[in-house]
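Reviewing the structure listed below.
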Amino acid sequence: MLLNLNDNDADEPTPDDLAAIDAEQPLITAELMWLNAEITMLNADERGGPSPLDWRRLRRAEARVIRETFAYVARSTARSSSPRAA
């Protein structure tokens with residue numbers, strides 16, 4: 001996409017940009033939860049190693065990322081394959 005340098009709103013996201021971010025938000029949230037679980041695992045040495053709860057959180061976060069990735073791809077594919085007006 002080309003930016004119009006004379007456009008005063010060039011720093012603001014467009015409605016399409018906001019819609020794309022909104023569509024990806026569940027996946028972004030899942031990835032942040034996964035990152036948090038990974039950080040907890042890395043810091044677990046200070047507590048004597050990961051607890052069973054730490055392992056469960058990591059597995060659940062990984063599963064959620066996978067689930068949200070498939071859902072995001074399915075939504076994106078459904079949008080791109082929908083019939084468009086000519």
Side-chain angles (χ1 to χ4, degrees):
M1 169 175 30
L2 296 174
L3 292 177
N4 183 355
L5 296 179
N6 295 325
D7 187 4
N8 292 334
D9 296 323
D11 293 338
E12 298 295 321
T14 66
D16 288 340
D17 293 337
L18 293 173
I21 292 167
D22 192 43
E24 197 172 349
Q25 190 59 46
L27 178 57
I28 293 168
T29 301
E31 289 174 336
L32 288 173
M33 290 177 69
W34 185 25
L35 177 62
N36 188 35
E38 289 284 345
I39 291 170
T40 299
M41 295 298 279
L42 290 171
N43 291 328
D45 284 340
E46 298 170 2
R47 297 179 283 119
S51 70
L53 182 59
D54 293 335
W55 285 109
R56 181 173 185 220
R57 284 182 181 143
L58 180 62
R59 287 191 309 270
R60 289 176 61 109
E62 289 171 341
R64 184 171 177 192
V65 168
I66 292 168
R67 191 171 52 249
E68 292 298 340
T69 299
F70 278 106
Y72 175 73
V73 170
R75 287 189 306 269
S76 298
T77 303
R79 259 195 316 270
S80 66
S81 66
S82 63
R84 295 182 182 174

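We use all heavy atoms of the structure for the numbers below, so side chains are in, but hydrogens, waters and symmetry mates are not. All values derive from a computational prediction rather than experimental measurement.
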[atom1] of [X] to [atom2] of [Y]: how many Å apart, nearest 0.5 Å?
{"X": "E31", "Y": "R64", "atom1": "CD", "atom2": "CZ", "answer": "11.0 Å"}
{"X": "N36", "Y": "M41", "atom1": "CG", "atom2": "CE", "answer": "12.0 Å"}
{"X": "E62", "Y": "I66", "atom1": "CD", "atom2": "CD1", "answer": "7.0 Å"}

To check you understand the geometry: which heavy-atom pair defines the closest contact between [X] and [Y], and what is its length?
{"X": "L27", "Y": "T69", "result": "CD1-OG1, 3.3 Å"}
{"X": "W55", "Y": "P50", "result": "NE1-CB, 3.4 Å"}
{"X": "P26", "Y": "R75", "result": "CG-NH2, 4.4 Å"}

side-chain contact (heavy atoms from CB on, under 4.5 Å) assessment of Y72 paired with E24: CA-CA 7 Å; Y72 175 73; E24 197 172 349; 3.9 Å; yes
Applying a strict under-4.5 Å side-chain criterion to I, L, V, M, F, W and Y, I'd like to know whether M33 and L58 cluster together. no
Tell me if a side-chain donor or acceptor on D22 pairs with a main-chain N or O of A19 at a distance below 3.5 Å.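 Checking the backbone N and O of A19 against the side chain of D22, no donor-acceptor pair under 3.5 Å is found.
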